[in-house]
Each structure stands twice: as C-alpha cells, then as structure tokens.
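Note: hydrogens, waters and symmetry copies are ignored here, and every other heavy atom, side chains too, is used.
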Amino acid sequence: MARRARVIRFPKSPPKPPEADLVEVRRCGDEAEALVVKGLLESEEIPCVLRSRLAHSVHPFTVGAQGEVIVLVPADEAPRARVLLARTSPGPSFP
C-alpha cells in the first residue's frame with residue numbers, strides 16, 4: 001500500500017495589532033523637510049510616522065504636491081507636537 005502524502009496546513013493569519021489613533025500634525029513639501037520634522041519630534045520623545053503616496057527611493061524627483069509627506073503622531077501626543085512645531089515654525093521677520 002502506498003504511503004499518503006502529509007498535508008501541511010497554511011498558518012492562520014496573525015491577530016491584528018491594536019491600531020493607534022494617528023493624527024496629522026504637518027504636511028511637508030518634500031522628504032527632506034519631513035525628515036527634519038521627524039528628527040525634531042523624536043528628539044522630544046514624540047513617536048511619529050511619515051506617510052507619502054510615493055516611494056521616494058524610486059522617484060527621487062517630484063513636481064509640486066506630488067512629493068508631499070504627511071507627519072503623523074499618536075493622538076495623545078498631538079497637542080504637544082503642534083506646540084513644538086508652532087514654536088519652531090518661521091514667523092514674520094521684522095527689520
């Protein structure tokens with residue numbers, strides 16, 4: 001009698017991690033500006049995520065708002081991040 005093959009079952013999908021509520025705090029015109037903002041927020045121990053519609057490693061040059069990068073932080077850290085960014089944003093210059 002021939003031996004039957006062993007059936008290997010597909011693994012079950014892992015449970016979904018709890019989603020943190022992320023809030024947009026800044027829209028940057030390019031990846032360089034977004035990395036500076038991310039560094040500033042992380043230096044104040046505010047975790048952040050960058051989101052973009054493009055893979056900047058594939059499309060290094062963009063036109064207009066095509067290369068826009070959105071900076072997201074957890075909802076409970078958003079007020080502190082906004083205050084920090086408002087403090088460092090350029091205001092009107094006086095002679």
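Closest approach of Ser52 and Glu68 over heavy atoms only: OG-O, 3.3 Å. Closest approach of Cys28 and Ala34 over heavy atoms only: SG-CA, 3.7 Å. Shortest non-hydrogen contact noted between Pro47 and Pro74 is O-CD, 3.2 Å.
Within the 4.5 Å cutoff, no side-chain heavy atoms of Leu22 are placed close to those of Val73. Between Val69 and Leu35 there is no side-chain heavy-atom pair separated by less than 4.5 Å.
Exactly one of Val71, Ile70, Leu84 qualifies for a side-chain contact (heavy atoms from CB on, under 4.5 Å) with Val25. That residue is Val71.
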Walk me through whether Val37 and Leu50 qualify under side chain to side chain contact (heavy atoms under 4.5 Å, CB included).
CA-CA 10 Å; Val37 171; Leu50 301 180; over 6 Å; no
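Rounding to the nearest 0.5 Å places CZ of Arg82 at 11.0 Å from CD1 of Ile46. Between atom NZ of residue Lys38 and atom CZ of residue Arg26 there is a gap of 16.0 Å, rounded to the nearest 0.5 Å. Here the straight-line distance linking atom CD of Glu45 with atom CZ of Arg80 works out to 7.5 Å at 0.5 Å rounding.
There is no path of hydrophobic side-chain contacts, each under 4.5 Å, that joins Leu72 to Val23.
No salt bridge links Glu24 with Arg51; every basic N to acidic carboxylate O contact stays at or beyond 4.0 Å.
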